Structures are given as C-alpha cells and as structure tokens.
Amino acid sequence: MRIAALAGGIGGSRFLRGLLHAVPDAEVTVIGNTADDIILHGLHVSPDLDTVMYTLGGGAHEEQGWGRADESFTVAEELAAYGAHPQWFTLGDRDIATHLVRTQMLGAGYPLSAVTEALCDRWLRGTPGPGVRLLPMTDDRVETHVVIADSGEPRAIHFQEWWVRLHAAVPAERIVLAGIESAAPAPGVLDAIHSADVIVLPPSNPVVSIGPILSVAGVRDAVRASDAPVVGVSPVIGGAPVRGMADAVLRTIGVDVSAAGVAGLFADILDGWLVDTADAGAVQGIEKNGILCRAVPLLMTDLEATAAMAREALDLVGHSP
Ligand code: GDP
Ligand code: CA
C-alpha cells in the first residue's frame, strides 16, 4: 500500500510512527511542513522536518516530543554568554550538527529536498519494510508570519517568535504565508499524491502545519483530484487541541475550535475523518457533509494506541491493513 501523509511536527510524527507500526509493509511518503523554518545564528533550522526525522529514526526526545534525546546545551550557553540573539529559541548541541549540515549543503547549492534526503539517510535508512521517505513541501522559502498589534501598530513577526517567545498569548490578527505565491512543490510531492493508494492527514496543526502544505501551488488540487481516499485525524478533542495552542490559530482564521470545525476546513478534500469518542456527538453532522466519520479514542498515549488510530483511519476509507 502506498500512503502519502501531510505532516507537521509533534502530532504528525507521533501519528506516523503508529502508522508505520500498523502497516509495516506500506510505502510511506511524508510531505513535511517547511513554513516553520527559521534562520537562527546563521543556521537553517527546519523544526517540523527534523521532528519527523528524529522521531521516526529513534533519535527524538521522547517526553518533549521534539529535539534530540540525550541533548546538551553547551553551544547555547556560550551564545548566551556573548549576548547573542535570539535567546527565546534554544538549539541543542546534537541538534546543531543537523543544522550545520543543512546550512552548509544549502550554501553549496543543494535544494532543501536533496539536503533532507541526505540527512534522512542517517535516520530513516534502518526503518523496517519498504520504508519511509520524507520530502519538504517545497524547495522554496516560505515562512509563516503572524500579524500582532501588541504595541498599537500591527507588525508581522515570525511564527516561531509568536509561538515560542509569546506562547501564542498575544492575539494574532492575521496569519500570512510569506513566499507561498511563488513556492513550487518539491520534486516528488505531486507524484507521491498522484500515486498514493491513501492520503492521510495526521493530527497536525490544521492552520500552520497542514495549511501551508496544502497552500503550495497545485497541492490542494492534486489531493482533491486524486483517486485515493483522503482520511484525516482530528487534533482537537472536546473543543481543545490535545497539545499546544492550535486553538489560537483556529480562532484567528474564524474556525470553530472543534473536531467538526477542523473537518470543515478540509471538507473539500476529505473522504474520512476520525474524531475522538468524546466528540461522538459530532459524527452525524460531519457525515451530513458527505464525509465518512467515526468516533474512536484519539489519544496517542503509546505506540499501540497510536497504531490502533492509524488502523481505524485506514479502515474508515476501505483500506484495512
Ligand atoms: P508541531 O508542528 O510540533 O506543532 O506539531 P503538529 O502540527 O504536527 O501537531 C500539533 C497538533 O498535534 C496539536 O494541534 C495537537 O492537538 C495534536 N496532538 C498532539 N498530541 C495528540 C494526540 O495524542 N491526539 C490527537 N488527536 N492530537 C494530538
Ligand atoms: Ca511545526
């Protein structure tokens, strides 16, 4: 079975790990969000690609969900001693090696897709079965910016600054995908969508993780036009995101913070949508929009629970593993 998945960071990678456990013989292509990418201390950081890469490769910090296991912070301490900014984003020593390789290769002229493939050669080579491929959504630079008006005049800041430094506590007036108009899908992205047997939307942030991927020229149309069923998993349970502050970005774009609200955001592409048992009351309303819907436990508490979610998602659209 060929599966194409559109993924952000923590929610996306955790789900993908369960999916690979549920269908070890599947050929999975992950199309990763790069709109969170940021240059820090001269280094090109791709937080969502790295979270997928480390998580699937067994190198992620388990409890935290992002960054490397067994991490140390000597470089960050030295940077702070110099008063180097920004100080709201800390890079670990092991993690920095990834960003050094990426930055150096980009500087030498390789596109991000080739750089990602090179980095993944270390992490994903050993995955069981036909394996998993990680593609950036685009090789072009796209950055999510958030317009805030904390001191009167509206100003745009990088999404990471709003999310990490301000904890999304300052209301976002608008979310802007800078560079998206001229971004082309990275090599392999449209092919993966066209040749998939199933297209999966993991429980990633619908606005700033899956949203940017679908906004790259031609991607949303390709997903909609695909013969393969599209099935998604709600990141919202009982009116709140399971983790993080996705409610803040949903409110900004005027979407109800509910499993049904998120389904509505993807209504044009979805064939199936899983909601948590706590949201069983929403199933009928979602089905009225022509989307198959089922209520099952959606907490990714461990690998088995997550694999069960993945099986339910595939089963809902007739692709039982
Ligand atoms: P990020 O890029 O690291 O923020 O990660 P993603 O965009 O991939 O995923 C973030 C989303 O994952 C959040 O909106 C969470 O609600 C969702 N999430 C995290 N853990 C769980 C879980 O156990 N179950 C479900 N259904 N969603 C989860
Ligand atoms: Ca992210």
Side-chain angles (χ1 to χ4, degrees), residues 5-19 30-38 45-56 60-67 89 134 136-137 142-146 158-164 167-168 175 177 200-214 231-253 255 257-263 265-266 273-279 282 293-310 312-313:
L6 277 47
I10 301 180
S13 58
R14 287 238 162 115
F15 182 78
L16 288 165
R17 193 161 56 175
L19 179 71
V30 182
I31 302 166
N33 172 43
T34 59
D36 285 5
D37 286 22
I38 186 166
V45 181
S46 299
D48 285 359
L49 296 182
D50 289 347
T51 298
V52 171
M53 185 172 82
Y54 295 154
T55 301
L56 298 185
H61 187 296
E62 271 306 312
E63 295 72 47
Q64 196 171 247
W66 52 271
F89 201 108
L134 173 62
M137 64 187 200
V142 176
E143 273 181 14
T144 302
H145 290 180
V146 175
H158 193 291
F159 170 73
Q160 297 289 358
E161 182 174 359
W162 182 68
W163 195 257
V164 178
H167 305 290
I175 292 163
L177 296 175
V200 173
L201 307 187
S204 282
N205 188 310
V207 184
V208 293
S209 291
I210 294 181
I213 304 172
L214 288 172
V231 62
V233 179
S234 178
V236 171
I237 296 181
V242 177
R243 223 186 129 124
M245 297 127 342
D247 50 324
V249 283
L250 284 167
R251 246 177 261 117
T252 298
I253 65 165
V255 170
V257 184
S258 65
V262 179
L265 199 52
F266 301 133
W273 186 243
L274 287 185
V275 302
D276 188 77
T277 43
D279 297 311
C293 187
R294 194 181 286 172
V296 296
L298 289 190
L299 281 179
M300 299 189 280
T301 43
D302 57 34
L303 187 57
E304 267 316 318
T306 313
M309 282 166 58
E312 289 284 0

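Source: prediction; values computed, not measured. Both counts, for ligands and for their atoms, begin at 1 and track the order of listing. For the numbers below, each heavy atom of this structure counts, side chains included, while hydrogens, waters and symmetry mates do not. Heads up: numbering here begins at 1 and tracks the sequence.
The N/O atoms of Pro241, backbone and side chain alike, include none that comes under 3.5 Å of an N/O atom in ligand 1. The N/O atoms of Val236, backbone and side chain alike, include none that comes under 3.5 Å of an N/O atom in ligand 1. Considering backbone and side-chain atoms alike, Gly9 places an N or O below 3.5 Å from some N or O of ligand 1. Checked against a 3.5 angstrom limit, the closest N/O atoms of Pro235 and ligand 1 fall inside it. On a distance-only criterion, Leu298 and ligand 1 share at least one N/O pair closer than 3.5 Å. In terms of N/O distances under 3.5 Å, ligand 1 is not approached by Ala246. In terms of polar-atom proximity, Asp36 is not counted as a contact of ligand 1, lacking any N or O under 3.5 Å from an N or O of the ligand. An N or O contact shorter than 3.5 Å links Ile10 to ligand 1 by distance.
Considering only non-hydrogen protein atoms, atom 7 (O) of ligand 1 sits nearest to Ser209 OG, 2.6 Å. Nearest non-hydrogen protein atom to atom 8 (O) of ligand 1 is Ser204 OG, 2.6 Å. Annotation: atom 17 (C) of ligand 1 to nearest protein heavy atom, Pro203 O, 3.2 Å.
Inside a 4.0 Å radius of atom 14 (O) of ligand 1 there is at least one protein heavy atom.
Looking at Asp48, its N, O or S atom nearest to the Ca ion (ligand 2) turns out to be OD1. Per residue Asp36, closest N, O or S atom to the Ca ion (ligand 2): atom name OD2.
Contacts with ligand 1 closer than 4.0 Å are made by no heavy atom of Ala7, backbone or side chain. Under 4.0 Å from ligand 1, the heavy atoms of Asp48 that appear belong solely to its side chain.
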